[in-house]
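In what follows, residues are counted from 1 in the order of the sequence shown. This one's a predicted model, so the numbers in the text were calculated from it and none came from an experiment.
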Amino acid sequence: YYEAKNPKIINDRTDHVLYQMYKAGYISYEEYQQALHDTVYVQEKSRVNEMYQMPYFVEYAVYDVITHLLQQRNMQDNKQNRAQLENELRTNGYRIYTTVDPYVQKIVEQSLAEWDAYPRLEDADDSVIYYDNGDGTVTEVIQPQAAAVVIDQATGDIKALVGGRTTPTARKTLNRAYQTTMPVGSSIKPLAVYGPALDKGYSDGTVVPNLPLPISGWLDDSGKETYPSGGSSSYGPVTLRTGIVRSLNAATAWTLMELVGLDDSYNYLVDMGVNPAHINKSGAGLALGTSGITPVEMAGAFAAIANAGVYQEPLSFTLVTDREGNVILDAKEIRDSRQVFKPSTAWLLTDMLVEAVSSKSGTGRNARIEGMTVGGKTGTNQNAKGVYFVGFTPYYTMSLWIGHDDYKPLAEDVYASSSAAPLWQYIMAQLVKDKPNAPIIDASPEELGLVKVRVCSVSGKKATEACEADSTHKPVDAWYPSNSASSLESCDWHQTYPTCKESGKIATQYCPNDQIEMRSLLMLPDDSIYWKLTNAQLQKYLPGAQHALPGGLTLADIDPSMPEYASYFCNIHTLEWYEQQEALRSAISAANNQLRTSNDVLTDPQYAMSLDDKQQLLNKINELANLISNPSATAAAIEQVTEELRQLTVRLVSIYSGMEPDNP
């Protein structure tokens, strides 16, 4: 205070320091003279501890720069070295040029702060975490929390990074955008399963089983092979496109274990910038997202998809210079960049993720933005312990996480589709407002070497007329690499046969003509996984499926008399049934003849029967007529009543004509 009121003291001390700096060679004589003539201002209150704007982004940028300085200088990444470099940054006149877009940053900050539809917690008592500050004060942190990262996928520049719902009032608080590794749920599926599968040459029309059957290598806690639950309403054969759009766990698990493999899946994630320490290299870790991946990593990985398969390391700075303006770090030179997915894979995966948002059955439908192309994937952690949505538009890729800092569960009815996707949509709609729509990847599939093929949705082979006739599993249009499309075999699982409408099996000579139609039947190979289902399951998921005929046999080579093929043919209209029908027709014909005879006797005036006898004859006539009209009546029953009517008629005729009956 005394010194502030006596500027001569300050000037003298300042001049002394400047002279010592000049003597030591830190500044030139010209700089020394210029500094002597500068005006000295006294700031009574230090600004060292004041909060800066955009603290979440600023603190991450410092962390990001230090990370790359450590790499540049081959220094170990530990607390001591980080503290050393942070001190160097703050005291040596360095300048950090960041990638932040203040407009985007502000929108994300405000949106997370003002959103009033955060999901409920399972236990309302977990809605606040209390931290003891050590000075007698307590900080309250509302739960659940949220974090979001926005990247320009074309450059890899981070445009916004927010690590919590409210702006920090203290430095270096928890930044959830990069300091937490909560499981990402199903949002990992495009990165670790479907993208790698497409990159290996499979198609969005490749068919995989979504079934309640053990999957090879998929183990439960006891080491027993099992399958993940969920998606039972879609059990049966599904395409890869359906698997990702509806987020089907069993189909995804089968795709991972059978088409991709754990090693390749893991490597793809690493190539997209995910820290290996964050990856749970197991079926659940790679297919269901029990891996804990940061929002920064998730945004960077999804941005690679939207950037035609090219991973651009997410960076928060463009340049770092020293006090003389020398470039210490240049993002253009140090950015890690590589082609992770083929451009054709990226286009197709993007198209599938767009459908996951645009489709009525897509899990990301609540992220739609009117007039803008949006693609993305939901992720709900096991037991609702957090939700994710990661997606992209033609302009930005954004990851969004909502969850509890202590990993406490959200309400059990909370899903990413109904909680994370709407908030993501709310933020992104503001970011792309007034921007023209455009394709996310500006290339046609044909330019990227893809061709459209109509494929069977059961076999995955090229569809035939027999496939088109399957009313349960209609063929689908799918994109294939041109080289594999040309070698795609035609489906031989569907074959067209004259089929009995009633039994749904191949018609026999005994089936009525009006019950026969040409219908497609599904003939599964003996090694098909679907034969592992119970009969009830098979008929539910693939009704009418039969074993394919062995050894090139055709329908002309078999008949119902062969025991091994009897199950292929109609089991309703058999020889026994035919004989029963013939007997029934004969019995009905005889009955109708008898009815005419008896009715003639009843109405003939020459037989002056008593009222009781007339009524007895009429009752028997009606009994037989009703029996004939009964669809469940048997030939034996009709024959018996017909005979009873005949005998009654003969007896009455003999009585009232005065003649002895021929057949008493």
**Item:** Step-by-step side chain to side chain contact (heavy atoms under 4.5 Å, CB included) determination, Y60 to Q179
**Value:** CA-CA 10 Å; Y60 178 74; Q179 290 178 324; over 6 Å; no

**Message:** For E370, is the CD atom crowded, meaning more than 12 foreign heavy atoms sit under 6.0 Å from it?
**Reply:** no

**Complete:** So the ring pair (Phe, Tyr, Trp, His ring centres under 6.0 Å) pairs with at least one residue in residues 77-113 (sequence neighbours excluded) are none

**Asked** Passes side chain to side chain contact (heavy atoms under 4.5 Å, CB included), L288 versus S186? Steps please.
**Response** CA-CA 5 Å; L288 304 184; S186 293; 5.5 Å; no

**Request:** Report yes if some heavy atom in the side chain of V150 is under 4.5 Å from a heavy atom in the side chain of L431; otherwise report no.
**Result:** yes

**Item:** Cationic N near anionic O, under 4.0 Å, D336 to R338
**Value:** yes

Would you tabulate the side-chain donor-acceptor contacts of residues 119-126 under 3.5 Å, counting partners in other chains and residues two or more places apart, or write 'none'?
| from | atom 1 | to | atom 2 | distance (Å) |
| --- | --- | --- | --- | --- |
| R120 | NH2 | D413 | OD1 | 3.0 |
| R120 | NH2 | D413 | OD2 | 3.1 |
| D123 | OD1 | D125 | N | 2.9 |

**Asked** Looking only at atom types and distance, does a side-chain atom of R176 sit under 3.5 Å from a main-chain N or O of G403, one as donor and one as acceptor?
**Response** no

**Asked** Crowded around Y19 OH? As in, over 12 foreign heavy atoms under 6.0 Å?
**Response** no

**Item:** Polar contact flag, side-chain donor to acceptor under 3.5 angstrom, E59-Y52
**Value:** yes

**Asked** So do Y130 and T139 actually touch side chain to side chain, heavy atoms under 4.5 Å?
**Response** no

**Request:** Indicate the atoms forming the closest heavy-atom contact of T397 with A306, along with that distance.
**Result:** OG1-CB, 4.1 Å

**Message:** Checking side-chain polar atoms at under 3.5 Å, does S111 have a donor or acceptor matched by the opposite partner on Q430?
**Reply:** yes

**Prompt:** Do H404 and Q145 have a side chain donor and acceptor closer than 3.5 Å?
**Reply:** no

**For T167 against P55, the heavy-atom pair lying closest together** = CG2-CG, 3.9 Å

**Request:** Start with the C-alpha distance between F341 and Y311, add both sets of side-chain angles, then the distance that settles ring pair (Phe, Tyr, Trp, His ring centres under 6.0 Å), and finish with yes or no.
**Result:** CA-CA 9 Å; F341 293 126; Y311 170 73; over 10 Å; no

**Prompt:** With a 4.5 Å limit on heavy-atom distance, are the side chains of I402 and L423 in contact?
**Reply:** yes

**Other residues, nucleotides, ligands: >12 heavy atoms within 6.0 Å of Q53 CD** = no

**Request:** Give a yes or no on whether the backbone of S444 and the side-chain of E447 come within a donor-acceptor separation of less than 3.5 Å.
**Result:** yes

**Asked** Would you find a donor on one side and an acceptor on the other, under 3.5 Å apart, between the side chain of R73 and the backbone of H68?
**Response** no

**Item:** Side chain to side chain, Q312 and N307, heavy atoms closer than 4.5 Å
**Value:** yes

**Fill in**
Closest non-hydrogen contact found for P295 with A147 is CG-CB, 4.3 Å

**Asked** Do the non-hydrogen side-chain atoms of V390 and L400 ever get within less than 4.5 Å of each other?
**Response** no

**Request:** Verify the neighbour count for atom CG of D442: are there more than 12 heavy atoms of other residues, nucleotides or ligands below 6.0 Å?
**Result:** no

**Between D405 and Q143: side-chain donor-acceptor atoms closer than 3.5 Å** = yes

**Complete:** Tested for side-chain contact (heavy atoms from CB on, under 4.5 Å) against S344, the lone hit among L450, L349, I441 is L450

**Asked** Are any of the side-chain heavy atoms of Y268 and L191 separated by less than 4.5 Å?
**Response** no

**Message:** Under a plain distance cut-off of 3.5 Å, with no hydrogens placed, do S417 and N366 share a side-chain donor-acceptor pair?
**Reply:** no

**Item:** D263/K281 salt bridge by N-O under 4.0 Å criterion
**Value:** yes

**Item:** T350 vs W347 side-chain heavy atoms within contact, under 4.5 Å
**Value:** no

**Request:** Mark yes or no for whether S247, through its side chain, and I244, through its backbone, hold a donor-acceptor pair below 3.5 Å.
**Result:** no

**Item:** Side chain K159, main chain I151, donor-acceptor under 3.5 Å
**Value:** no

**Message:** What I want to find out is whether E313 reaches K332 closely enough, with some N-O distance under 4.0 Å, to be called a salt bridge.
**Reply:** no

**Request:** Could you go through the side chain to side chain contact (heavy atoms under 4.5 Å, CB included) check for N280 and L286 one step at a time?
**Result:** CA-CA 7 Å; N280 174 9; L286 297 170; over 6 Å; no

**Asked** Can you name the nearest heavy-atom pair linking I369 to W424, along with the distance?
**Response** CD1-CZ3, 4.5 Å

**Request:** Please state whether the rings of Y32 and Y22 are parallel, tilted or perpendicular, taking 30° and 60° as the class boundaries.
**Result:** parallel

**Asked** Can you find a side-chain donor-acceptor pair between Y194 and D204 that sits under 3.5 Å?
**Response** no

**Message:** Give me the atom names and distance for the closest heavy-atom approach of L198 to M352.
**Reply:** CD1-SD, 3.7 Å

**Item:** Short N-O contact, R82 and E86, less than 4.0 angstrom
**Value:** no

**Message:** For a quick check under 3.5 Å, do Q105 and E109 share a side-chain donor-acceptor pair by atom type?
**Reply:** yes

**Item:** Closest non-hydrogen atom pair between F317 and V320, with its separation
**Value:** CD1-CG2, 4.1 Å

**Message:** Is it the case that over 12 heavy atoms from other parts of the model lie below 6.0 angstrom from the CD atom of E114?
**Reply:** yes

**Item:** Pairwise side-chain contact, I158 with F57, heavy-atom cut-off 4.5 Å (strictly under)
**Value:** yes

**Prompt:** So, T99 versus D157: side-chain donor-acceptor pair below 3.5 Å or not?
**Reply:** no

**Asked** Between the main-chain N or O of A308 and the side-chain N or O of Q339, is there a donor-acceptor pair closer than 3.5 Å?
**Response** yes

**Item:** Test ring pair (Phe, Tyr, Trp, His ring centres under 6.0 Å) applied to Y426 - qualifying residues, sequence neighbours left out
**Value:** W115

